[in-house]
Engineer: 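Input: one structure, supplied below.
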Amino acid sequence: MHWLFGDQLGPHFLRPSEGTGLTGDTPVVIIEARSVFRRRRFHRAKAHLVLSAMRHRAAELGDRITYVRAETYREGLARVTGDVPVTVHHPTSYAAVRLVRSLPRVTMGPARGFLVPMDDFAAWADGHGGARLRQEDFYRWVRQGYGLLMDGEAPAGGRWNHDHDNRQPPPRKTPALPVPAPYRPVEDEIDDEVRHDLDRWERDGGMSFAGRDGPRLFPATRAEARAALRRFVEHRLGTFGPYEDAMLAADPVMSHSLLSSSLNLGLLDPSECVERAETAWREGRAPLNSVEGFVRQIAGWREYVWQLYWYFGEEYRHSNVLRHTAALPGWWNDLDADAVRAHCLRTVLSQVRDTGWTHHIPRLMILGGYALQRGWDPAEVTEWFHRCFVDGYDWVMVPNVVGMSQYADGGRMTTKPYTSGGAYVNRMSDLCGPCDYRPGDRTGPRACPYTAGYWTFLDRHRARLERNHRTARAVRGLDRLADLDELRRQERARGDSPP
């Protein structure tokens, strides 16, 4: 019997291969463990999506599958397998790996759903002495090794990196990009059943959810995921690159693919995504800068984050070199966007509340940047991102939040903290115009919480950041602030109140 976790739902997880014992008719088991939803207060839309995807996959597999609803994985597996040997592909979290290794008669095979085998990455990383494992170096290595966007030995178009063309501010005086809407699925009776069950579980007590569960916005089946990929490549990929870092209040999706949840559920394989995008460029249907930006997100960043999660080891999640220990405030945990005055944070937090999704720049610069400036515990911030995003999994969020967003590893993953004042938000969005605060004001009644937070963050960590060549110049700017004492008093008084 072969066991599928709830993020191993695509056909590539049942593809026969040597050493796995899988054949075209191996019986399959999927376990829906309610304990998963008791342990964390997940976003309601995320819980809905995961359960819908699992149940849809069970319906597709028909008589081949045993679908078990149990309190725990261990209980569910014991109920159906007995003394039968079980195989499973390498799970996506340390906790799940520990569980698998503790179970008798369960054999764990290699991971699927990623491009690079773990051993190959470890050899590459060890070759760098385990240090300076920069994403750009890894990305070029993957491109070369897998022949992605290559013209012989050279990168397509003569450049590895098209960030210069892909970091444009949004077009002015328009509320949304003039592009076709993304693919959206249509709910069915399985979604009705999931919503009914979630309502019942919450009424019965023992579990609760955050956010809102409107109509399902993300694919729950392989067919829906392929349709979403096709629509993105054919109608939206061309405008993805230039505005991938831009934000518009009324257009949270911009030209983003919305494929992360499908990839992380295993409904899509990364190879098919990057190959389809490259084909669009080679056939003249998409510009190189947009295709390179999309390939970078999947074959570069997604793959890099997955590999670092395992290479750095489980203790990495506890990194906290900045010694940030403040608890997340209740309004943040409750996704109470209505309590927030700052227009950028209010807008982004409402997007999370309503959909369980925002693109990478609101996550990094608006949400993560605010948490970093306020000194919140990085482990709590990581947990929040894990719970509240439809594409959030342990392997995704530990490196993304601990390493990049919160700089809690002191630079093992990135060379500087990613945080900024209001000027960056103003340049890359339309979010500052209607705000009560002014991005140029550091103190006073209209002081931007991001501008004030940026300078107080530099002030608090001056001794560390002045030794970093990428932040030293900014730190020296503290010496020019005549209002630094006033700024310190102001931000102490602000505390954890919603800005």
Side-chain angles (χ1 to χ4, degrees), residues 159 161-184 217 231-258 260 281 285-294 296-297 337-338 340-355 357-370 373 418-442 444-455 474 499:
R159 283 192 290 156
N161 190 315
H162 288 258
D163 280 353
H164 177 75
D165 302 318
N166 289 348
R167 290 179 172 171
Q168 296 183 28
R172 299 300 176 184
K173 299 181 180 179
T174 179
L177 291 184
V179 297
Y183 170 85
R184 294 299 191 190
L217 299 177
R231 182 164 182 82
F232 170 69
V233 170
E234 293 178 1
H235 300 289
R236 298 165 55 79
L237 174 58
T239 50
F240 167 71
Y243 304 118
E244 65 175 300
D245 283 4
M247 299 172 280
L248 288 171
D251 187 4
V253 172
M254 306 290 281
S255 284
H256 287 267
S257 71
L258 305 184
S260 55
W281 169 67
R285 295 183 287 112
L288 180 57
N289 65 301
S290 286
V291 173
E292 189 276 320
F294 179 65
R296 175 181 292 269
Q297 284 198 337
D338 294 337
V340 178
R341 288 174 55 208
H343 186 59
C344 62
L345 182 56
R346 179 188 181 97
T347 299
V348 172
L349 198 61
S350 68
Q351 292 166 4
V352 179
R353 177 197 64 200
D354 296 343
T355 69
W357 185 90
T358 63
H359 75 74
H360 64 282
I361 294 300
R363 296 189 200 201
L364 179 65
M365 304 306 294
I366 304 295
L367 298 170
Y370 191 82
Q373 291 174 359
Y418 278 85
T419 190
S420 71
Y424 173 87
V425 180
N426 192 34
R427 183 171 69 254
M428 295 302 294
S429 78
D430 63 354
L431 294 165
C432 294
C435 189
D436 290 345
Y437 303 111
R438 295 290 84 204
D441 287 11
R442 190 169 46 246
R446 304 197 74 185
C448 171
Y450 285 87
T451 301
Y454 173 74
W455 288 107

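These numbers come from a predicted model, not from an experiment. We count residues from 1, following the sequence as given.
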Engineer: Just to verify, what does R353 make a salt bridge (Lys or Arg N to Asp or Glu O under 4.0 Å) with, not counting sequence neighbours?
Structural biologist: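 R353 satisfies salt bridge (Lys or Arg N to Asp or Glu O under 4.0 Å) with D338 once adjacent residues are dropped.
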
Engineer: Please report the shortest heavy-atom distance between H359 and A246, naming the atom on each side.
Structural biologist: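 Looking at all heavy atoms of both residues, the shortest contact is NE2-O, 2.9 Å.
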
Engineer: Drop me the distance from S255's OG to F294's CZ, to the nearest 0.5 angstrom.
Structural biologist: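 Rounded to the nearest 0.5 Å, the OG-CZ separation comes to 12.5 Å.
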
Engineer: What residues, two or more places apart in sequence or in another chain, satisfy side chain to side chain donor-acceptor pair (under 3.5 Å) together with S420?
Structural biologist: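 If we apply the side chain to side chain donor-acceptor pair (under 3.5 Å) test to S420, skipping adjacent residues, there are no hits.
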
Engineer: Between atom SG of C344 and atom CG of L349, what is the distance when rounded to the nearest 0.5 Å?
Structural biologist: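 Rounded to the nearest 0.5 Å, the SG-CG separation comes out at 11.0 Å.
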
Engineer: Drop me the distance from I366's CD1 to Y450's OH, to the nearest 0.5 angstrom.
Structural biologist: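 These two atoms lie 5.0 Å from each other.
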
Engineer: For the residue pair I361 and M254, establish whether any side-chain heavy-atom pair is separated by less than 4.5 Å.
Structural biologist: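 Heavy-atom side-chain distance check fails, nothing below 4.5 Å.
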
Engineer: Keeping T451 on the side-chain end and P439 on the backbone end, is there a donor-acceptor pair under 3.5 Å?
Structural biologist: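 Yes, because the side chain of T451 sits within donor-acceptor range (under 3.5 Å) of the backbone of P439.
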
Engineer: For T358, check side chain to side chain donor-acceptor pair (under 3.5 Å) against everything at least two apart and list the hits.
Structural biologist: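 With neighbours one apart ignored, the set is empty.
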
Engineer: Decide ring pair (Phe, Tyr, Trp, His ring centres under 6.0 Å) for Y424 and Y454; before the verdict, give the C-alpha distance in whole Å, the side-chain angles of both, and the deciding distance to 0.1 Å.
Structural biologist: CA-CA 11 Å; Y424 173 87; Y454 173 74; over 10 Å; no

Engineer: Report the residues that fulfil side chain to side chain donor-acceptor pair (under 3.5 Å) with N426, sequence neighbours left out, ordered by chain and then residue number.
Structural biologist: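 N426: no side chain to side chain donor-acceptor pair (under 3.5 Å) contacts found.
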
Engineer: Would you mind listing every salt bridge (charged side-chain N to carboxylate O under 4.0 Å, His left out) that reaches into residues 161-171, with sequence neighbours excluded?
Structural biologist: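 Listed once each, the pairs are R159-D165, D163-R167, R167-D245.
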
Engineer: For residues 170-182, dump all side-chain donor-acceptor pairs below 3.5 Å to protein atoms at least two apart in sequence or in another chain.
Structural biologist:
| residue | atom | partner | partner atom | Å |
| --- | --- | --- | --- | --- |
| R172 | NH1 | S429 | O | 3.1 |
| R172 | NH2 | R427 | O | 3.0 |
| T174 | OG1 | A176 | O | 2.9 |

Engineer: First locate atom OH of Y418, then atom CE of M365, and finally report the distance between them rounded to the nearest 0.5 Å.
Structural biologist: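 Between Y418 OH and M365 CE, I get 9.0 Å after rounding to 0.5 Å.
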
Engineer: Once side chain to side chain donor-acceptor pair (under 3.5 Å) is applied, do any residues pair with R442, and if so which ones, sequence neighbours excluded?
Structural biologist: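 Per chain and number, R442 pairs via side chain to side chain donor-acceptor pair (under 3.5 Å) with D483.
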
Engineer: Against Y437, only a single residue in P449, P445, C432 fulfils side chain to side chain contact (heavy atoms under 4.5 Å, CB included); can you say which?
Structural biologist: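 Exactly one option meets the side chain to side chain contact (heavy atoms under 4.5 Å, CB included) with Y437, and it is P449.
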
Engineer: Is the closest side-chain heavy-atom distance between E244 and Q297 below 4.5 Å?
Structural biologist: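 E244 reaches Q297 side chain to side chain.
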
Engineer: Take the angle between the ring planes of H256 and W357 and call it parallel below 30°, perpendicular above 60°, tilted in between.
Structural biologist: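 Geometry flag for W357 against H256: perpendicular rings.
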
Engineer: Could you report the tightest heavy-atom contact between C448 and R438, atom names first, then the distance?
Structural biologist: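 That closest heavy-atom pairing would be CB-O, 3.2 Å.
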
Engineer: Do L345 and L367 make a side-chain contact, defined as non-hydrogen atoms from C-beta onward lying under 4.5 Å apart?
Structural biologist: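 When only atoms from C-beta onward are counted, L367 and L345 do touch, with a gap below 4.5 Å.
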
Engineer: Hey, can you pull the donor-acceptor pairs under 3.5 Å for the side chains in residues 286-293, sequence neighbours left out?
Structural biologist:
| residue | atom | partner | partner atom | Å |
| --- | --- | --- | --- | --- |
| N289 | ND2 | N166 | OD1 | 2.9 |
| S290 | OG | L237 | O | 3.2 |
| S290 | OG | G238 | O | 2.9 |
| S290 | OG | G241 | N | 2.9 |
| E292 | OE1 | H162 | N | 3.1 |
| E292 | OE2 | Y139 | OH | 2.6 |
| E292 | OE2 | R296 | NE | 2.9 |
| E292 | OE2 | R296 | NH2 | 3.1 |

Engineer: Taking R341 for the side chain and R346 for the main chain, is one N or O donor matched with an acceptor at less than 3.5 Å?
Structural biologist: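 Not at all, since once roles are kept as given, no pair shorter than 3.5 Å links the two residues.
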
Engineer: State which residues pass side-chain contact (heavy atoms from CB on, under 4.5 Å) with T347; sequence neighbours excluded, sorted by chain then number.
Structural biologist: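 By the side-chain contact (heavy atoms from CB on, under 4.5 Å) rule, T347 matches A249, H343, Q351, L431.
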
Engineer: Just to verify, what does R446 make a salt bridge (Lys or Arg N to Asp or Glu O under 4.0 Å) with, not counting sequence neighbours?
Structural biologist: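 Checked R446 against salt bridge (Lys or Arg N to Asp or Glu O under 4.0 Å); zero matches.
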
Engineer: R184: what forms a salt bridge (Lys or Arg N to Asp or Glu O under 4.0 Å) with it, not counting sequence neighbours?
Structural biologist: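 Salt bridge (Lys or Arg N to Asp or Glu O under 4.0 Å) list for R184, sorted by chain: empty.
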
Engineer: For D354, which residues count as a salt bridge (Lys or Arg N to Asp or Glu O under 4.0 Å) partner, sequence neighbours excluded?
Structural biologist: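 D354 satisfies salt bridge (Lys or Arg N to Asp or Glu O under 4.0 Å) with R212 only.
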
